[in-house]
Structures are given as structure tokens and as C-alpha cells.
Protein chains: 2
Amino acid sequence: MRLSSMADYAVVAMRAAALHCGGTRTNAAEIAAETGLPAPTVQKLVSRLGQAGLLNSVRGSGGGFRLARPAAAITLADIVEAIEGPIAMTTCATDTGDCAIEGTCGARPHWPQVNRAIRGALEQITLAQLAQEEVAA
Amino acid sequence: MRLSSMADYAVVAMRAAALHCGGTRTNAAEIAAETGLPAPTVQKLVSRLGQAGLLNSVRGSGGGFRLARPAAAITLADIVEAIEGPIAMTTCATDTGDCAIEGTCGARPHWPQVNRAIRGALEQITLAQLAQEEVAA
DNA sequence: CCTAATCGGAGCGATTCGTTCCGATTAGGC
DNA sequence: GCCTAATCGGAACGAATCGCTCCGATTAGG
């Protein structure tokens, strides 16, 4: 019920990237300096975020990355899924057959409902909202 | 973003306990047999759940435990908090001062809002709903 | 008073997570 | 056209948490 540190840092890093909203490319070192996160960790984060399609990255000298979509079109659910994989409370919701009590688990049919509720809550928070200084009422 | 196996099992165990709704005491071994969970694990679960006040346990020969409240008055949030502690996406939401980037973390003011949304989603699911065979629309 | 059964807490092993380092790739300068 | 420098991408190591199991404390029943 607590998201991993990597996902936590990813949100912070994405917020920092969003503050470069003018379309100017930034790089991992700059994000690390602005956020105070360890530089290698930021590198790993942008790598994962790039694979997920949230960041467009350019390699080589003078390269860097920028948001692939407007900040308003990126939600917390997108960022969390990019780092942690599908949002699911239980393993049985995504994988099949690896649960020993699958046969007798009467709670299983109810998990999709819970997952939808959680995911819906995260989809309502956009990166644009997080980029604001003040918290919305 | 994925709850621990212990919390997952706790939900299954609590559901099994709720099926003994007639007020009859059950014991850890019985729950283990019904759910297929390892008996020692069930013992640890009921211990934690008893401390949290969700189960009333009676020790000694012929002892056991039963729900401390009606199933409709126990929510997923209660069970998860009993096993995993306070529901919080980030550590900075509960603890203070242990975050290295606390000063520069602009995302921090927004986390309470997220936490409330998640917790609200879990509070809407009661143990009585989980005890039903069919999933509610 | 003794025995048996159950809850409660402590210890160990395994898996995952987080961090760090090194290689592959590409733009810029000579 | 070639070389250099800078950046992303993936792989390996160490640490911490989590999950499982065993043993002791407590209490009802005989």
C-alpha cells in the first residue's frame, strides 16, 4: 500500500521536468541538481520513463529529454505504471495460476473492483496539478 | 502500489472469519484449512489483527477468535492499516525529517490529497461486501 | 494440580528493491 | 572524414525489508 521509492522519485523527477515546460530539453544531471536526487538514480528513472513513452530522449552529446506529452495529459497513474508495472493490489489480478489458494480464494472476484477504484483515484491527479506550487482545494 | 502478501492474506483470512458470522468462535487452524494459507502465517495474521482491534481473541484450550465488529463496519482500509501501518503513498506523509530532499521537494504538499483519495477508495469496500459470493455491480 | 491446546513474540532465510558502475550510441568539433 | 566528449541504456553488486518457521507464555479443561 506504499509505493516504492523509485516511483516516488519518479514523480519528483517528472515534476522537475515539467517545470522545463517550454519545450527546452534538459538532462539527467540537471534534474538531479534541481531535485537533490542521486544522479545515477535519475538516470535510471529517465530510462524507464523513456521506455514507457512519457519522455522523449535524445542520446549523444548535447542530448537530453523532454516530456512526450503536455503535463496535463500525464497522470500519476501513468508515472506509477511506468516504474512499478500495472497497478494491481494483488498478484492474482494480473498474473494467473501462480496463486496457491486460487481455488478457495473467495475474495479474488472482488479485487478488480478495488483496483479500478485505486487507479481512478490516481488518474485524477495530473502532472500539471503537481507542478503548481499551491495545492488545489 | 501493490500491497504486501501479508495484507493480501489478511483480507482472505478476515473474509473466512466473517463467514463464521454467527458469532461462533473459530481458531487459526480452521481458517488455515478453509483458506489454504499456511497455518503459522494465519497465526501471525490473527495476532496482528487482534492487536489492531479487529478480532477478539481468547487464549488457552478451547479458545479462538471472532470479529470484534460487524462485517459491515470493517473496511479494507482497516485491514490494510492493521497489517501495513498507516496508509500513505510516501514516507514523508507520515514521518517527518527523514527525507533528504525535503527542502526542494515541491511535490510534497500534494501527497496528502493523493493519500485521501486512495484511503477513500478503500474505505468504501466493506468486509460484508467481500464476504458475498457475487461481486456487486 | 496437571495436561493439552492456543495465542504471542523472536529468529532465520529468501526475495525484492535501491544503488552504483560500465558499455553502447550519437552529436559536435577539428 | 575522423576523433573526442557527453549522454542514454543495461547489467552487476550490496542492503534492507518481507515472508516463513520455530519456540515460549498463557489459559481453559480434566
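Labels below follow one simple rule: chain letters A, B, ... track the order of the sequence lines, proteins then strands, and each chain is numbered from 1.
- Within the 4.5 Å cutoff, the side chain of A:Asn115 has no heavy atoms near those of the A:Ile118 side chain.
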Distances for protein N or O near nucleotides 16-21 of chain D N or O, under 3.5 Å:
from	atom 1	to	atom 2	distance (Å)
D:dG19	OP1	B:Ser5	N	2.5

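- Atom C1' of nucleotide C:dC7 and atom CG of B:Leu49 are separated by 13 Å, given to the nearest angstrom.
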Using atom names, set out every protein N or O paired with an N or O of nucleotides 25-30 of chain C below 3.5 Å, distance rounded to 0.1 Å.
from	atom 1	to	atom 2	distance (Å)
C:dT25	O4'	A:Arg59	NH2	2.5

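- The backbone N or O of B:Ala131 lies less than 3.5 Å from no partner atom in the side chain of A:His110, so there is not a single donor-acceptor pair.
- For the residue pair B:Glu84/B:Ser4, the side-chain donor-acceptor check at 3.5 Å is satisfied.
- One interatomic measurement links the two molecules: CG of B:Leu55 to C1' of C:dG8, which rounds to 14 Å at whole-angstrom precision.
- Distances shorter than 4.0 Å separate some side-chain N or O of B:Gln51 from OP1 or OP2 on C:dG9.
- Atom pair B:Phe65:CZ and C:dC7:P shows a separation of 6 Å (rounding to whole Å applied).
- Rounded to whole angstrom, the span from the CD atom of A:Glu84 across to the P atom of C:dC17 amounts to 8 Å.
- By the 4.5 Å heavy-atom criterion applied to side chains, B:Leu67 and B:Leu127 are counted as neighbours.
- Rounded to whole Å, atom P of C:dT15 lies 17 Å from atom CZ of B:Arg2.
- The backbone N or O of B:Thr26 lies less than 3.5 Å from no partner atom in the side chain of B:His20, so there is not a single donor-acceptor pair.
- Residue B:Gly50 is classed as having no contact, given no heavy-atom separation below 4.0 Å to the nucleic acid.
- Distance CG (A:Asp8) to P (C:dC17): 15 Å, rounded to an integer number of Å.
- The nearest whole Å value for the distance from the CG atom in B:Asn56 to the P atom in C:dT6 is 18 Å.
- Between the P atom of C:dC21 and the CD atom of A:Gln43 lies a distance of 11 Å, rounded to the nearest Å.
- Nucleic acid contact for B:Ala29: none, since no nucleic acid atom lies under 4.0 Å from a heavy atom of the residue.
- Residues A:Ser5 and A:Asp8 have side chains that never bring a donor and an acceptor to within less than 3.5 angstrom of each other.
- No side-chain donor-acceptor contact under 3.5 Å links B:Arg66 to the backbone of B:Arg25.
- Where DNA chain D pairs in unbroken runs of 3 or more (Watson-Crick or G-U, both distances under 3.5 Å), the stems are C:1-30 with D:1-30.
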